[in-house]
Amino acid sequence: MIASVSKMATRVRCSVVATAMAAALLGGCAVNDTGASEPWDPIETPNRFIFAVNRAVDTIAIRPVAVLYRDWVPEPAQKSVRNLLDNLGEPVTAINEVFQGDPSRAGVTLARFVVNSTIGLAGLFDVAAMMGMPRTKTDAGQTIGMWAGKGVEPENGGFYLVLPLAGPSNARDATGLMVDYAIDPFQILPVAFNWDFWYYSLPRFGLNVIDYRSRTMFALDDLEKNSVDYYAALRSAYTQNRAELIRAKRDKTDTKSELERRDNLALVK
Amino acid sequence: MSSSVHRRSVLRLVTGTAVICLAGPGLPGMSFAQALAEQDPAAQLVQRAADQGIEVARTNTGAAREAGMRRVLEAYFDLDYIARQTLGNYWNQATPEQRQRYLKVSASSEAHAYAERFGQYTGQTITVSRVTPRGNGVFIVDSKLTQSGGGAPVAIQWEVRNEGQGPRIVDLKTEGVSMILTRRADYVSFIRNNGGQVEALIKELEARAKRA
(Lines give C-alpha, C1' and ligand atoms only; values in the text may rest on other atoms or scores of the structure.)
Protein backbone atom coordinates (compact mmCIF):
# COMPACT_ATOMS: atom_id res chain seq x y z
CA MET A 1 0.00 0.00 0.00
CA ILE A 2 2.61 2.51 1.16
CA ALA A 3 4.95 1.22 -1.53
CA SER A 4 2.35 1.80 -4.20
CA VAL A 5 1.69 5.33 -2.97
CA SER A 6 5.38 6.18 -2.94
CA LYS A 7 5.77 4.64 -6.39
CA MET A 8 2.95 6.80 -7.63
CA ALA A 9 4.44 9.84 -5.97
CA THR A 10 7.68 9.19 -7.84
CA ARG A 11 5.79 8.85 -11.06
CA VAL A 12 3.94 12.10 -10.40
CA ARG A 13 7.19 13.85 -9.53
CA CYS A 14 8.79 12.60 -12.76
CA SER A 15 5.89 13.85 -14.84
CA VAL A 16 5.95 17.21 -13.07
CA VAL A 17 9.63 17.61 -13.87
CA ALA A 18 9.04 16.52 -17.47
CA THR A 19 6.15 18.92 -17.99
CA ALA A 20 8.04 21.78 -16.37
CA MET A 21 10.94 21.16 -18.73
CA ALA A 22 8.57 21.03 -21.68
CA ALA A 23 7.10 24.32 -20.53
CA ALA A 24 10.53 25.90 -20.29
CA LEU A 25 11.27 24.82 -23.84
CA LEU A 26 7.96 26.08 -25.14
CA GLY A 27 8.04 29.30 -23.19
CA GLY A 28 11.51 30.07 -24.48
CA CYS A 29 10.43 29.88 -28.10
CA ALA A 30 9.73 33.46 -28.97
CA VAL A 31 11.97 35.70 -26.91
CA ASN A 32 11.76 39.45 -27.53
CA ASP A 33 8.21 39.24 -28.71
CA THR A 34 6.58 42.53 -27.82
CA GLY A 35 3.32 40.75 -27.14
CA ALA A 36 1.49 43.50 -28.96
CA SER A 37 0.81 41.29 -31.93
CA GLU A 38 -1.92 38.74 -32.01
CA PRO A 39 -1.51 35.44 -30.15
CA TRP A 40 0.64 32.91 -31.93
CA ASP A 41 -1.71 30.34 -33.41
CA PRO A 42 0.13 27.94 -35.73
CA ILE A 43 -2.52 25.23 -35.43
CA GLU A 44 -5.47 27.49 -36.10
CA THR A 45 -7.32 25.00 -38.31
CA PRO A 46 -7.47 22.14 -35.79
CA ASN A 47 -8.12 24.71 -33.07
CA ARG A 48 -11.09 26.08 -34.94
CA PHE A 49 -12.36 22.54 -35.40
CA ILE A 50 -12.20 21.76 -31.67
CA PHE A 51 -13.73 25.18 -31.01
CA ALA A 52 -16.68 24.33 -33.25
CA VAL A 53 -17.16 20.96 -31.53
CA ASN A 54 -16.97 22.63 -28.11
CA ARG A 55 -19.57 25.17 -29.17
CA ALA A 56 -21.92 22.47 -30.39
CA VAL A 57 -21.56 20.50 -27.14
CA ASP A 58 -22.00 23.72 -25.19
CA THR A 59 -25.17 24.73 -27.03
CA ILE A 60 -26.75 21.31 -26.73
CA ALA A 61 -25.70 20.15 -23.29
CA ILE A 62 -23.72 22.54 -21.09
CA ARG A 63 -25.21 26.00 -21.59
CA PRO A 64 -28.84 24.95 -21.02
CA VAL A 65 -27.91 23.19 -17.78
CA ALA A 66 -25.88 26.21 -16.68
CA VAL A 67 -28.83 28.52 -17.41
CA LEU A 68 -31.16 26.32 -15.37
CA TYR A 69 -28.57 26.19 -12.59
CA ARG A 70 -28.15 29.98 -12.61
CA ASP A 71 -31.87 30.78 -12.69
CA TRP A 72 -33.45 28.00 -10.65
CA VAL A 73 -30.98 26.98 -7.96
CA PRO A 74 -31.23 29.37 -4.97
CA GLU A 75 -28.39 31.89 -4.72
CA PRO A 76 -27.10 30.63 -1.30
CA ALA A 77 -26.92 27.07 -2.64
CA GLN A 78 -24.92 28.26 -5.65
CA LYS A 79 -22.62 30.13 -3.32
CA SER A 80 -22.07 27.05 -1.17
CA VAL A 81 -21.31 24.89 -4.18
CA ARG A 82 -18.78 27.48 -5.32
CA ASN A 83 -17.24 27.61 -1.83
CA LEU A 84 -17.00 23.83 -1.74
CA LEU A 85 -15.25 23.65 -5.12
CA ASP A 86 -12.99 26.60 -4.24
CA ASN A 87 -12.01 24.89 -1.00
CA LEU A 88 -10.99 21.72 -2.82
CA GLY A 89 -8.79 23.88 -5.04
CA GLU A 90 -7.10 25.63 -2.12
CA PRO A 91 -4.12 23.18 -1.73
CA VAL A 92 -3.14 23.66 -5.38
CA THR A 93 -3.22 27.43 -4.92
CA ALA A 94 -1.08 27.15 -1.79
CA ILE A 95 1.54 25.00 -3.54
CA ASN A 96 1.67 27.42 -6.46
CA GLU A 97 2.00 30.39 -4.13
CA VAL A 98 5.04 28.74 -2.59
CA PHE A 99 6.58 28.33 -6.04
CA GLN A 100 5.70 31.92 -6.86
CA GLY A 101 7.91 32.96 -3.95
CA ASP A 102 5.10 34.03 -1.65
CA PRO A 103 5.15 31.53 1.24
CA SER A 104 3.31 33.89 3.59
CA ARG A 105 0.41 34.11 1.17
CA ALA A 106 0.57 30.31 0.87
CA GLY A 107 0.32 30.12 4.67
CA VAL A 108 -2.86 32.19 4.63
CA THR A 109 -4.31 29.99 1.89
CA LEU A 110 -3.50 26.91 3.93
CA ALA A 111 -5.05 28.49 7.03
CA ARG A 112 -8.14 29.24 4.97
CA PHE A 113 -8.29 25.61 3.91
CA VAL A 114 -8.04 24.36 7.50
CA VAL A 115 -10.60 26.84 8.83
CA ASN A 116 -13.11 26.33 6.03
CA SER A 117 -12.76 22.55 6.01
CA THR A 118 -13.61 22.40 9.71
CA ILE A 119 -15.64 25.38 10.93
CA GLY A 120 -16.85 26.03 7.41
CA LEU A 121 -18.36 22.52 7.20
CA ALA A 122 -16.12 20.91 4.57
CA GLY A 123 -15.86 24.20 2.70
CA LEU A 124 -19.56 24.96 2.28
CA PHE A 125 -19.09 28.29 4.03
CA ASP A 126 -16.23 30.71 3.56
CA VAL A 127 -15.69 31.45 7.26
CA ALA A 128 -12.06 32.38 6.68
CA ALA A 129 -13.02 35.36 4.52
CA MET A 130 -15.11 36.69 7.40
CA MET A 131 -12.07 36.28 9.64
CA GLY A 132 -10.07 38.56 7.38
CA MET A 133 -8.39 35.99 5.17
CA PRO A 134 -9.60 36.80 1.66
CA ARG A 135 -9.40 34.19 -1.03
CA THR A 136 -6.70 34.18 -3.67
CA LYS A 137 -6.64 31.89 -6.65
CA THR A 138 -3.67 31.01 -8.75
CA ASP A 139 -2.52 28.14 -10.93
CA ALA A 140 0.63 26.61 -12.38
CA GLY A 141 0.12 28.42 -15.69
CA GLN A 142 0.64 31.66 -13.79
CA THR A 143 3.64 30.20 -11.97
CA ILE A 144 5.29 29.28 -15.27
CA GLY A 145 4.39 32.66 -16.75
CA MET A 146 5.84 34.43 -13.75
CA TRP A 147 9.24 32.75 -14.05
CA ALA A 148 9.31 32.63 -17.85
CA GLY A 149 12.02 35.26 -17.95
CA LYS A 150 12.16 38.95 -18.67
CA GLY A 151 12.21 38.64 -22.46
CA VAL A 152 8.93 36.73 -22.57
CA GLU A 153 5.87 38.94 -22.40
CA PRO A 154 3.01 37.41 -20.41
CA GLU A 155 0.97 37.65 -23.61
CA ASN A 156 3.29 35.04 -25.06
CA GLY A 157 2.24 31.70 -23.62
CA GLY A 158 3.52 29.60 -26.48
CA PHE A 159 1.12 28.49 -29.18
CA TYR A 160 -2.59 28.99 -28.72
CA LEU A 161 -4.55 25.84 -28.04
CA VAL A 162 -8.24 25.03 -27.81
CA LEU A 163 -8.75 22.10 -25.48
CA PRO A 164 -11.71 19.80 -25.86
CA LEU A 165 -14.36 20.86 -23.35
CA ALA A 166 -11.98 23.12 -21.38
CA GLY A 167 -11.80 25.67 -24.22
CA PRO A 168 -9.19 28.39 -24.76
CA SER A 169 -5.67 27.68 -23.52
CA ASN A 170 -2.09 27.78 -24.73
CA ALA A 171 1.09 25.76 -24.33
CA ARG A 172 1.88 27.46 -21.02
CA ASP A 173 -1.57 27.15 -19.47
CA ALA A 174 -2.20 23.63 -20.72
CA THR A 175 1.09 22.57 -19.14
CA GLY A 176 -0.01 24.38 -16.00
CA LEU A 177 -3.27 22.48 -16.06
CA MET A 178 -1.39 19.16 -16.13
CA VAL A 179 0.92 20.26 -13.32
CA ASP A 180 -2.04 21.36 -11.21
CA TYR A 181 -3.71 18.03 -11.83
CA ALA A 182 -0.58 16.14 -10.79
CA ILE A 183 -0.03 18.08 -7.55
CA ASP A 184 -3.67 18.27 -6.48
CA PRO A 185 -4.15 16.18 -3.31
CA PHE A 186 -7.81 15.86 -4.19
CA GLN A 187 -6.85 14.20 -7.46
CA ILE A 188 -4.14 12.01 -5.90
CA LEU A 189 -6.16 10.85 -2.86
CA PRO A 190 -9.05 9.38 -4.87
CA VAL A 191 -6.56 7.29 -6.83
CA ALA A 192 -4.51 6.29 -3.79
CA PHE A 193 -7.50 5.33 -1.67
CA ASN A 194 -9.81 4.19 -4.40
CA TRP A 195 -12.53 6.74 -3.77
CA ASP A 196 -15.61 5.98 -5.74
CA PHE A 197 -15.46 7.70 -9.12
CA TRP A 198 -19.23 8.09 -9.29
CA TYR A 199 -19.46 9.68 -5.86
CA TYR A 200 -16.42 11.94 -5.90
CA SER A 201 -14.53 12.61 -9.14
CA LEU A 202 -17.50 12.80 -11.47
CA PRO A 203 -19.68 15.07 -9.30
CA ARG A 204 -16.73 17.36 -8.66
CA PHE A 205 -15.93 17.61 -12.34
CA GLY A 206 -19.57 18.09 -13.31
CA LEU A 207 -20.23 20.77 -10.71
CA ASN A 208 -17.04 22.56 -11.73
CA VAL A 209 -18.16 22.67 -15.35
CA ILE A 210 -21.65 23.94 -14.55
CA ASP A 211 -20.46 26.46 -11.95
CA TYR A 212 -17.76 27.83 -14.26
CA ARG A 213 -20.09 28.01 -17.23
CA SER A 214 -22.77 29.86 -15.28
CA ARG A 215 -20.21 32.41 -14.07
CA THR A 216 -18.77 33.07 -17.52
CA MET A 217 -22.19 33.25 -19.18
CA PHE A 218 -22.50 37.03 -19.24
CA ALA A 219 -19.02 37.74 -20.59
CA LEU A 220 -19.10 34.98 -23.20
CA ASP A 221 -22.59 35.83 -24.47
CA ASP A 222 -21.52 39.45 -24.81
CA LEU A 223 -18.38 38.52 -26.73
CA GLU A 224 -20.24 36.10 -29.00
CA LYS A 225 -23.02 38.54 -29.86
CA ASN A 226 -20.72 41.50 -30.49
CA SER A 227 -18.03 39.86 -32.59
CA VAL A 228 -17.81 38.91 -36.23
CA ASP A 229 -15.19 36.23 -35.59
CA TYR A 230 -15.96 34.79 -32.17
CA TYR A 231 -12.96 32.46 -32.27
CA ALA A 232 -10.49 35.32 -32.81
CA ALA A 233 -12.21 37.57 -30.26
CA LEU A 234 -12.09 34.89 -27.57
CA ARG A 235 -8.48 34.06 -28.41
CA SER A 236 -7.55 37.69 -27.89
CA ALA A 237 -9.63 38.15 -24.74
CA TYR A 238 -8.28 34.96 -23.16
CA THR A 239 -4.68 35.92 -23.88
CA GLN A 240 -5.15 39.43 -22.46
CA ASN A 241 -6.88 38.18 -19.34
CA ARG A 242 -4.19 35.61 -18.56
CA ALA A 243 -1.46 38.15 -19.26
CA GLU A 244 -3.06 40.57 -16.79
CA LEU A 245 -3.03 37.92 -14.05
CA ILE A 246 0.61 37.03 -14.71
CA ARG A 247 1.67 40.66 -14.97
CA ALA A 248 0.13 41.34 -11.57
CA LYS A 249 2.29 38.53 -10.17
CA ARG A 250 5.46 39.69 -11.93
CA ASP A 251 5.44 43.29 -10.88
CA LYS A 252 3.36 43.55 -7.78
CA THR A 253 4.80 46.94 -6.98
CA ASP A 254 5.06 48.38 -10.45
CA THR A 255 2.36 48.38 -13.11
CA LYS A 256 4.40 50.69 -15.29
CA SER A 257 5.55 47.99 -17.69
CA GLU A 258 2.00 47.24 -18.80
CA LEU A 259 1.26 50.90 -19.43
CA GLU A 260 4.52 51.29 -21.30
CA ARG A 261 3.67 48.32 -23.43
CA ARG A 262 0.43 49.94 -24.41
CA ASP A 263 2.21 53.17 -25.28
CA ASN A 264 4.56 51.27 -27.54
CA LEU A 265 1.82 49.20 -29.01
CA ALA A 266 2.21 49.34 -32.78
CA LEU A 267 -0.91 51.39 -33.31
CA VAL A 268 -1.58 52.91 -36.69
CA LYS A 269 0.30 56.15 -36.98
CA MET B 1 2.03 26.72 27.29
CA SER B 2 3.74 27.07 23.98
CA SER B 3 0.59 26.06 22.14
CA SER B 4 -1.44 28.75 23.91
CA VAL B 5 1.18 31.38 23.00
CA HIS B 6 1.09 30.13 19.47
CA ARG B 7 -2.68 30.28 19.39
CA ARG B 8 -2.67 33.82 20.76
CA SER B 9 -0.22 34.97 18.10
CA VAL B 10 -2.33 33.40 15.39
CA LEU B 11 -5.39 35.14 16.84
CA ARG B 12 -3.54 38.44 16.88
CA LEU B 13 -2.52 37.87 13.26
CA VAL B 14 -6.11 37.17 12.30
CA THR B 15 -7.58 40.17 14.12
CA GLY B 16 -4.77 42.34 12.80
CA THR B 17 -5.56 41.35 9.25
CA ALA B 18 -9.25 41.93 9.90
CA VAL B 19 -8.60 45.42 11.28
CA ILE B 20 -6.42 46.36 8.32
CA CYS B 21 -9.01 45.06 5.90
CA LEU B 22 -11.81 46.98 7.60
CA ALA B 23 -9.86 50.18 8.07
CA GLY B 24 -8.16 50.01 4.67
CA PRO B 25 -10.71 51.92 2.58
CA GLY B 26 -10.94 54.63 5.22
CA LEU B 27 -7.24 55.44 5.38
CA PRO B 28 -6.49 59.15 4.89
CA GLY B 29 -4.16 58.51 1.93
CA MET B 30 -6.98 56.95 0.01
CA SER B 31 -9.43 59.78 0.49
CA PHE B 32 -6.71 62.24 -0.47
CA ALA B 33 -6.16 60.37 -3.71
CA GLN B 34 -9.88 60.29 -4.30
CA ALA B 35 -10.19 64.02 -3.73
CA LEU B 36 -7.40 64.57 -6.24
CA ALA B 37 -9.08 62.26 -8.70
CA GLU B 38 -12.36 64.14 -8.45
CA GLN B 39 -10.70 67.35 -9.61
CA ASP B 40 -8.98 65.73 -12.53
CA PRO B 41 -10.59 66.47 -15.91
CA ALA B 42 -9.97 62.93 -17.14
CA ALA B 43 -11.66 61.48 -14.07
CA GLN B 44 -14.57 63.89 -14.42
CA LEU B 45 -14.98 62.90 -18.04
CA VAL B 46 -15.12 59.20 -17.20
CA GLN B 47 -17.46 59.77 -14.28
CA ARG B 48 -19.88 61.84 -16.36
CA ALA B 49 -19.80 59.35 -19.26
CA ALA B 50 -20.45 56.41 -16.92
CA ASP B 51 -23.24 58.18 -15.04
CA GLN B 52 -25.01 59.23 -18.21
CA GLY B 53 -24.60 55.79 -19.79
CA ILE B 54 -26.12 54.11 -16.76
CA GLU B 55 -28.93 56.68 -16.67
CA VAL B 56 -29.73 56.08 -20.35
CA ALA B 57 -29.81 52.31 -19.83
CA ARG B 58 -32.02 52.68 -16.76
CA THR B 59 -34.64 55.01 -18.18
CA ASN B 60 -34.94 53.76 -21.76
CA THR B 61 -35.48 50.49 -23.58
CA GLY B 62 -35.02 49.20 -27.09
CA ALA B 63 -34.29 51.69 -29.85
CA ALA B 64 -34.45 54.70 -27.51
CA ARG B 65 -31.78 53.16 -25.30
CA GLU B 66 -29.56 52.52 -28.28
CA ALA B 67 -30.02 56.07 -29.59
CA GLY B 68 -29.32 57.52 -26.16
CA MET B 69 -26.25 55.35 -25.76
CA ARG B 70 -25.03 56.55 -29.12
CA ARG B 71 -25.34 60.18 -28.03
CA VAL B 72 -23.31 59.40 -24.88
CA LEU B 73 -20.66 57.63 -26.96
CA GLU B 74 -20.45 60.53 -29.41
CA ALA B 75 -20.13 63.04 -26.60
CA TYR B 76 -17.44 61.31 -24.55
CA PHE B 77 -15.70 58.75 -26.76
CA ASP B 78 -13.31 59.39 -29.62
CA LEU B 79 -15.18 57.11 -32.01
CA ASP B 80 -12.99 57.99 -35.00
CA TYR B 81 -9.85 57.06 -33.13
CA ILE B 82 -11.44 53.83 -31.89
CA ALA B 83 -12.59 52.92 -35.41
CA ARG B 84 -9.15 53.59 -36.84
CA GLN B 85 -7.47 51.47 -34.18
CA THR B 86 -9.87 48.56 -34.46
CA LEU B 87 -9.21 48.28 -38.18
CA GLY B 88 -5.46 47.93 -37.59
CA ASN B 89 -3.30 48.20 -40.67
CA TYR B 90 -6.32 47.70 -42.89
CA TRP B 91 -7.26 51.32 -42.21
CA ASN B 92 -4.51 52.36 -44.59
CA GLN B 93 -5.87 50.10 -47.31
CA ALA B 94 -9.42 51.37 -47.09
CA THR B 95 -10.65 53.93 -49.61
CA PRO B 96 -12.05 57.26 -48.26
CA GLU B 97 -15.54 56.05 -49.13
CA GLN B 98 -14.98 52.77 -47.23
CA ARG B 99 -13.60 54.69 -44.24
CA GLN B 100 -16.72 56.83 -44.09
CA ARG B 101 -19.01 53.81 -44.20
CA TYR B 102 -16.88 51.97 -41.66
CA LEU B 103 -16.90 54.91 -39.23
CA LYS B 104 -20.66 55.11 -39.46
CA VAL B 105 -21.36 51.42 -39.03
CA SER B 106 -18.80 50.86 -36.28
CA ALA B 107 -20.31 53.70 -34.24
CA SER B 108 -23.75 52.15 -34.42
CA SER B 109 -22.45 48.68 -33.63
CA GLU B 110 -20.64 50.05 -30.56
CA ALA B 111 -23.82 51.81 -29.45
CA HIS B 112 -25.75 48.59 -29.88
CA ALA B 113 -23.19 46.61 -27.88
CA TYR B 114 -23.12 49.11 -25.00
CA ALA B 115 -26.89 49.42 -24.87
CA GLU B 116 -27.18 45.68 -24.54
CA ARG B 117 -24.35 45.40 -22.05
CA PHE B 118 -25.55 48.08 -19.66
CA GLY B 119 -29.15 47.03 -20.07
CA GLN B 120 -28.39 43.73 -18.39
CA TYR B 121 -27.00 45.24 -15.24
CA THR B 122 -29.32 46.45 -12.55
CA GLY B 123 -28.73 49.36 -10.21
CA GLN B 124 -25.04 49.68 -10.94
CA THR B 125 -22.72 52.54 -10.13
CA ILE B 126 -19.26 53.37 -11.36
CA THR B 127 -16.85 55.09 -9.00
CA VAL B 128 -13.62 56.59 -10.25
CA SER B 129 -10.70 56.00 -7.94
CA ARG B 130 -7.31 56.89 -9.42
CA VAL B 131 -5.85 58.68 -12.40
CA THR B 132 -2.41 57.83 -13.79
CA PRO B 133 -1.05 60.34 -16.30
CA ARG B 134 1.24 58.90 -18.91
CA GLY B 135 4.16 60.61 -20.59
CA ASN B 136 2.47 60.64 -23.98
CA GLY B 137 -0.55 62.61 -22.81
CA VAL B 138 -2.68 59.56 -22.11
CA PHE B 139 -4.56 59.24 -18.83
CA ILE B 140 -5.42 55.88 -17.31
CA VAL B 141 -8.48 56.18 -15.07
CA ASP B 142 -9.22 53.35 -12.65
CA SER B 143 -12.80 52.76 -11.62
CA LYS B 144 -15.00 50.20 -9.94
CA LEU B 145 -18.39 49.00 -11.08
CA THR B 146 -20.60 47.87 -8.22
CA GLN B 147 -23.96 46.21 -8.58
CA SER B 148 -26.80 46.65 -6.13
CA GLY B 149 -27.75 42.97 -6.43
CA GLY B 150 -24.45 41.98 -4.80
CA GLY B 151 -21.68 40.19 -6.63
CA ALA B 152 -18.03 41.11 -6.70
CA PRO B 153 -17.21 44.64 -7.94
CA VAL B 154 -15.64 44.76 -11.39
CA ALA B 155 -12.51 46.85 -11.97
CA ILE B 156 -12.64 48.91 -15.16
CA GLN B 157 -9.70 50.90 -16.53
CA TRP B 158 -10.43 53.74 -18.94
CA GLU B 159 -7.96 55.24 -21.35
CA VAL B 160 -8.43 58.96 -21.97
CA ARG B 161 -6.58 60.59 -24.85
CA ASN B 162 -6.61 63.98 -26.51
CA GLU B 163 -6.53 63.77 -30.31
CA GLY B 164 -7.21 67.45 -30.92
CA GLN B 165 -10.82 67.69 -29.83
CA GLY B 166 -10.30 67.72 -26.09
CA PRO B 167 -9.88 64.66 -23.86
CA ARG B 168 -11.97 61.72 -24.99
CA ILE B 169 -12.30 58.09 -23.87
CA VAL B 170 -10.64 55.73 -26.33
CA ASP B 171 -10.59 52.38 -24.56
CA LEU B 172 -11.83 50.50 -21.55
CA LYS B 173 -10.37 47.44 -19.98
CA THR B 174 -12.19 44.90 -17.80
CA GLU B 175 -10.19 42.17 -16.06
CA GLY B 176 -7.27 42.95 -18.32
CA VAL B 177 -9.32 42.64 -21.50
CA SER B 178 -9.09 45.76 -23.65
CA MET B 179 -12.06 46.61 -25.83
CA ILE B 180 -9.92 47.97 -28.67
CA LEU B 181 -7.48 45.06 -28.75
CA THR B 182 -10.24 42.45 -28.68
CA ARG B 183 -12.25 44.26 -31.33
CA ARG B 184 -9.18 44.60 -33.53
CA ALA B 185 -8.26 40.91 -33.19
CA ASP B 186 -11.84 40.09 -34.13
CA TYR B 187 -12.06 42.42 -37.15
CA VAL B 188 -8.57 41.75 -38.50
CA SER B 189 -9.12 38.00 -38.35
CA PHE B 190 -12.45 38.39 -40.14
CA ILE B 191 -10.87 40.47 -42.90
CA ARG B 192 -8.02 38.00 -43.27
CA ASN B 193 -10.43 35.09 -43.62
CA ASN B 194 -12.35 36.99 -46.29
CA GLY B 195 -9.59 37.52 -48.80
CA GLY B 196 -8.04 40.50 -47.01
CA GLN B 197 -10.88 42.75 -48.14
CA VAL B 198 -12.08 45.51 -45.81
CA GLU B 199 -15.25 45.56 -47.87
CA ALA B 200 -16.25 42.13 -46.50
CA LEU B 201 -16.13 43.40 -42.91
CA ILE B 202 -18.04 46.59 -43.67
CA LYS B 203 -20.74 44.60 -45.50
CA GLU B 204 -21.04 42.17 -42.60
CA LEU B 205 -21.32 44.99 -40.04
CA GLU B 206 -23.89 46.81 -42.16
CA ALA B 207 -25.93 43.61 -42.50
CA ARG B 208 -25.81 43.14 -38.73
CA ALA B 209 -26.84 46.73 -38.10
CA LYS B 210 -29.87 46.22 -40.34
CA ARG B 211 -30.83 43.00 -38.57
CA ALA B 212 -30.61 44.48 -35.08
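Hydrogens, waters and symmetry mates are skipped; everything else that's a heavy atom, side chains included, is used. Every value quoted in this text rests on a predicted model; they were computed, and no experiment measured them.
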Given that the side chain runs from C-beta out, which part of E175(B) has a heavy atom under 4.5 Å from chain A: side chain, backbone, both or neither? both
Do D229(A) side-chain atoms and Y187(B) backbone N/O form a donor-acceptor pair below 3.5 Å? no
Look only at the side chain of R208(B) and the backbone of S227(A), and say whether a donor-acceptor pair between them is shorter than 3.5 Å. yes
Output yes when a side-chain donor or acceptor of E116(B) lies under 3.5 Å from a complementary backbone atom of D222(A), and no otherwise. no
Within a radius of less than 6.0 Å around NZ of K137(A), do more than 12 heavy atoms belonging to other residues, nucleotides or ligands occur? yes
Let me know if L245(A) has heavy atoms under 4.5 Å from chain B in its side chain, its backbone, both or neither. neither
OH-CG distance between Y231(A) and D186(B), expressed to the nearest 0.5 angstrom: 13.0 Å
Any side-chain heavy-atom pair from E244(A) and V177(B) closer than 4.5 angstrom? no
According to salt bridge (charged side-chain N to carboxylate O under 4.0 Å, His left out), who are the partners of E44(A), at least two apart in sequence or on a separate chain? R48(A), R235(A)
Turns out that what part of N241(A) lies under 4.5 Å from chain B's heavy atoms comes down to both
Among N226(A), L234(A), T239(A), the residue with the most heavy-atom pairs under 4.5 Å to chain B is N226(A)
For S236(A) and A185(B) the tightest heavy-atom approach is CB-CB, 3.4 Å
Does atom OH (Y212(A)) have a neighbourhood of more than 12 heavy atoms from anything else shown, all under 6.0 Å? no
Polar side-chain atom of R183(B) near backbone of A233(A) as donor-acceptor pair, under 3.5 Å: no
How long is the gap from CG on L223(A) to OG1 on T182(B), to the nearest 0.5 Å? 7.0 Å
Partner residues of A77(A) under the side-chain contact (heavy atoms from CB on, under 4.5 Å) criterion, sequence neighbours left out: V73(A), P74(A)
